[in-house]
Every structure is written in structure tokens, then in C-alpha cells.
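Input: a single structure, listed below in C-alpha cells.
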2 protein chains.
Amino acid sequence: MKTPIPKAVVNRLPLYLRRLEYLAAGGTETISSRELAESLGRKDAQVRKDFACFGNFGRPGVGYPVAELITKLRGILGTDHLWRVALVGFGNLGRALVAYKGFQKRAFKIQAVFDADPAKVGRRAGDLVVQSAAEMVPEIRRLGIPMAILAVPAEVAQAAADRCVEAGVVGILNFAPVTLDLPGHVAVNHVDLTLCMEQLSFLASTLSRRAAGP
Amino acid sequence: MKTPIPKAVVNRLPLYLRRLEYLAAGGTETISSRELAESLGRKDAQVRKDFACFGNFGRPGVGYPVAELITKLRGILGTDHLWRVALVGFGNLGRALVAYKGFQKRAFKIQAVFDADPAKVGRRAGDLVVQSAAEMVPEIRRLGIPMAILAVPAEVAQAAADRCVEAGVVGILNFAPVTLDLPGHVAVNHVDLTLCMEQLSFLASTLSRRAAGP
DNA sequence: CGATGTGAATCGTTTCACAGCC
DNA sequence: GGCTGTGAAACGATTCACATCG
């Protein structure tokens, strides 16, 4: 825990957490690095090195205590408390995200929904009501919402992101296919479905080519 | 083009492609590595090294020809032809994906939709009709569909993936929060929304902590 | 023993720096 | 001058191998 946790490790922590929570639900109390690694398609040494980034609470001959690890990981990831989230954009994707059980069951709760289309404003979104994009900045600020999910068209994504930052948001999950330009004190994560499909297209093409012959 | 393209490079190619297509639409004919890099928040040397993986068609003093690069990138990524895709799971996310314009406008077309829930079978999904999961294997095989998108609950994801493979699919985009165990000749890409939020949570926590003090 | 924690070796990626070309 | 292509250096991540501990 002395040195900052490497980026590559951070990306794996949620993966470990998910698996550990599954194991805990099944009653597992300790797990070895090898077992955990194999269930995630990784090497045991990597798991040990990763966990060594924050304290040594594995026990030789036994393994790691599942419950302790979960607590520790949640603390590190910041999911030991609820994050309230604003959803910007109530198109197809936005609607799906509001209804998505995965967020509800975890540490994230969508607490406000905005859209620029007057036809969408006022519509019900789960137990929320879609608000006008014009009210976005004051409303996010009033509620003190720290995170936003952008599910808007590419053309308006940068502008929407700027307004989120203006409203005091510190983290943005962006679904629009553009690279956002934001101040360094705001965290951004990017999910581009088309990009994922293109990467998959490459992999599939390569594997097929290899299978077919040189 | 001699050596296989490094994984890290492949992950950036769709990013380049997207930006280049945007530039081409705006009438740009050549672009320098520096300009391209900066618009994507990267270093110029990286762009040059990346492009050097496949032929040298940048011109010193001028830059890279946008149109040629686009053609080349599409060829490498395998998006120079249409990929027909099967969607498995017609829940909230599935519905959003069917309607998603991003796929339609690119090289991906959803051509069959399956769900295990009898209540959903027969419902319209765009210009398609949801089919029973029982028909999945023969139907995917009959149509010769090479790719599948899994938007099913975690509990059934592995089973659904197995059936996709059985049906001859070579690429799977998995939205379920589980690590799939699949044969090596099948490409997998994983999108886990909760995981993305957790990574964001970590980044936001870290940045806030840094802003607050030591 | 079995399993951790960790230096050391390995591997891959990014960045630098500059020769060569337009 | 501006810009590419590329060795070489710097950096980071992964894997190995083994001393060490319960």
C-alpha cells in the first residue's frame, strides 16, 4: 500500500472482487492464489503480486481470507459506499442503463436522468422522471451527485461532459464514440460498443485465418 | 506487416479509424502523426510506431494519407465487409443493442435475436422477430452467422456461449459479468458495465483524495 | 507439505532522439 | 522548415523460481 497501485492491477481488482463475492456467497472462507487465478484465466503469481500491493494477509499453506479481501478491495475501489449517479441521455442505451440490475445491486444508484429532447422530458424512468438538460448543471450541483454516465450522441458528448464537470462531477462513464477532453481532476472511463466489436472482428479474422492455414 | 501486430496496437486501431473517418468526412486528405495523436490524447511517436506495423505510407514533411489509412485499417480489422451478428438475450440491454445506431452504421448487422423466455419469443425486435433459445444452434448454423452478442444473465452466460460455439460462431461479445471459458479458436471480448463503474470509482476516489490533501 | 511473498529474469510497450526525406 | 521511420533507452507488467512460513 506504500506505492500507488499500478494501473494494470487496478483494472483487475473489480474482477477479483466479483469472483470473491461469488465465492463468499457459496460459503468459501479462504482461497489460494492458484484457484482464484485459474478461475479467471490468469497465473497464480500475478494474483499474489496484485494482492501484495496492499498488505500481506495471505497465510502460507492456507490461502487468502475471502471476506477480508472483499472488504479490502471495496475500500480500495471506493465501492464501500453508495455512489449516486446522473444519467445524461435517455435514448435506447439510457433506458437500458436505468433498468440495469447490475448497477442497482452494486454500489451505484442512478438518481437523476436528463435529456435534451423535450419529448422525453417528463417521461418516467424507473422511479425517476426525465428532466430537461437545461436544468442539468444546477440540479446535479444541488443534489451533490459525483458521477455521470453519458449516453448521448457523439456530436453533443463533449458539451455534455463539460456541463457535468461544471456541475462538480468527478467521474464520467462515456458511451459516446468520441475521445473527451477534460481537466485532469475528473476521472473518465470510456465504453465504445462499436470499438469493442471492431476489436472482436480483428481477433475473429485473425483466428479464422490461422485456422484456415498460413 | 511481417510480424503479428502487437495487442496494444490492435486496441488502438479502431480509435484511429474512427478519428480518421471523422477527418475524411470533413475533407481532410492528409494528417500528421502529431495532430492525430493530440486529438486522441496520445504521443506522436506512438502513432508512427503503430502505423509502421503495416507498411510505410506516411510521407515526410506531409503526413499520412487519410483515405489510404482508412482502407488499410478496415482491411486489418476485418470491417471491410459486413459481419452478421446474432443477439442472445432480449432483456433491457438486448433491446437497446438491437436499436443501437452505431452497429447499423458500421460493419455489424444483427440478423437474429434469441431469448429463453417464452413471453419474449415472437416479439418484434426492429425488423426481426425474437426466436426461441431452443432454435439457436440450428438457426445460427443455418444462417452461417459468425458472431454473437451475449446479453444474458450471468448464470446462463457460459451455457449460452457454449451453444454459440457449438453453432459455429467465431467471435463473442460478452456483456454478462462472468469470465467465459471457451476454446482457443473462438475470440471473446468482454464488456462489463459494473466493472467499468468500479474502475471509475477507484479513479474518482483517488483523484478526489489527491485533491483533498496528501 | 502447501501456499505465500518477492527478488530476478523476461517480455512487451512507450518514449526519446535523431538520421533521412520532402 | 516539417515530418516520417526507427534504433535505443526507459518504463511497466508478467512470469519464474525459490526462500520462507504455518
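Lettering follows sequence order; numbering is per chain, from 1.
Nearest nucleotide to the A/Lys7 side chain, out of D/dA13, C/dT15, C/dT13: D/dA13. Considering only side-chain atoms of B/Asn56, the nucleotide from C/dA3, D/dG5, D/dT15 that sits closest is D/dG5. Taking only side-chain atoms of B/Lys49, from C-beta outward, the nucleotide of D/dA8, C/dT6, C/dT13 with the closest atom is D/dA8. Of the candidate nucleotides C/dC16, D/dA17, C/dA3, C/dC16 has the atom nearest to the side chain of B/Ala45. For A/Tyr64, the side-chain atoms get nearest to C/dG5 when compared with the rest of C/dG5, D/dT15, C/dC22. Listed nucleotides: D/dT14, D/dT15, C/dT15. Nearest to the side chain of A/Lys43: D/dT15. Listed nucleotides: C/dT14, C/dA17, D/dC21. Nearest to the side chain of A/Pro60: D/dC21.
Heavy atoms of A/Gly58 sit under 4.0 angstrom from primed sugar atoms or phosphate atoms, though from no base atom.
No donor-acceptor distance shorter than 3.5 angstrom exists from the side chain of B/Asn92 to the backbone of B/Ala96, with no hydrogens or angles considered. Checking side-chain atoms of A/Asp44 against main-chain N and O of A/Ser33 turns up no donor-acceptor pair under 3.5 Å. Under a 3.5 Å cut-off, the side chain of A/Gln111 and the backbone N or O of A/Ile145 do not form any donor-acceptor pair. At distances below 3.5 Å, not a single donor-acceptor pair connects side-chain atoms of A/Arg34 with backbone N or O atoms of A/Lys43.
Contact between the side-chain N/O atoms of B/Ser33 and the OP1/OP2 oxygens of D/dT4 is found at a separation under 4.0 Å. Taking 4.0 angstrom as the limit, B/Arg48 places none of its side-chain polar atoms (N or O) nearer than this to OP1 or OP2 of D/dG5.
As a whole-Å value, the separation of A/Asp44 CG from D/dC18 P is 15 Å. Look at CZ on B/Phe57: it is 9 Å from P on D/dG5, rounded to the nearest Å. Distance, B/Arg34 CZ to D/dT4 P: 9 Å, rounded to whole Å. Atom C1' of nucleotide C/dG12 and atom CG of B/Asn11 are separated by 13 Å, given to the nearest angstrom. The distance from atom CZ of A/Arg12 to atom C1' of D/dT15 is 12 Å, rounded to the nearest whole Å. Following rounding to the nearest Å, A/Gln46 (CD) and C/dG5 (P) show an atom-to-atom distance of 15 Å. Going from atom CG of A/Asp50 over to atom P of C/dT6 covers 13 Å, rounded to whole Å. Residue A/Glu38 contributes atom CD, which lies 14 Å from atom C1' of C/dG2 at whole-angstrom precision.
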Given the rule in the ring-ring contact (aromatic ring centres under 6.0 Å, His included) test, do B/Tyr64 and B/Phe51 qualify, once you have shown the distances and angles that lead to the verdict? CA-CA 9 Å; B/Tyr64 295 87; B/Phe51 288 171; 5.1 Å; yes

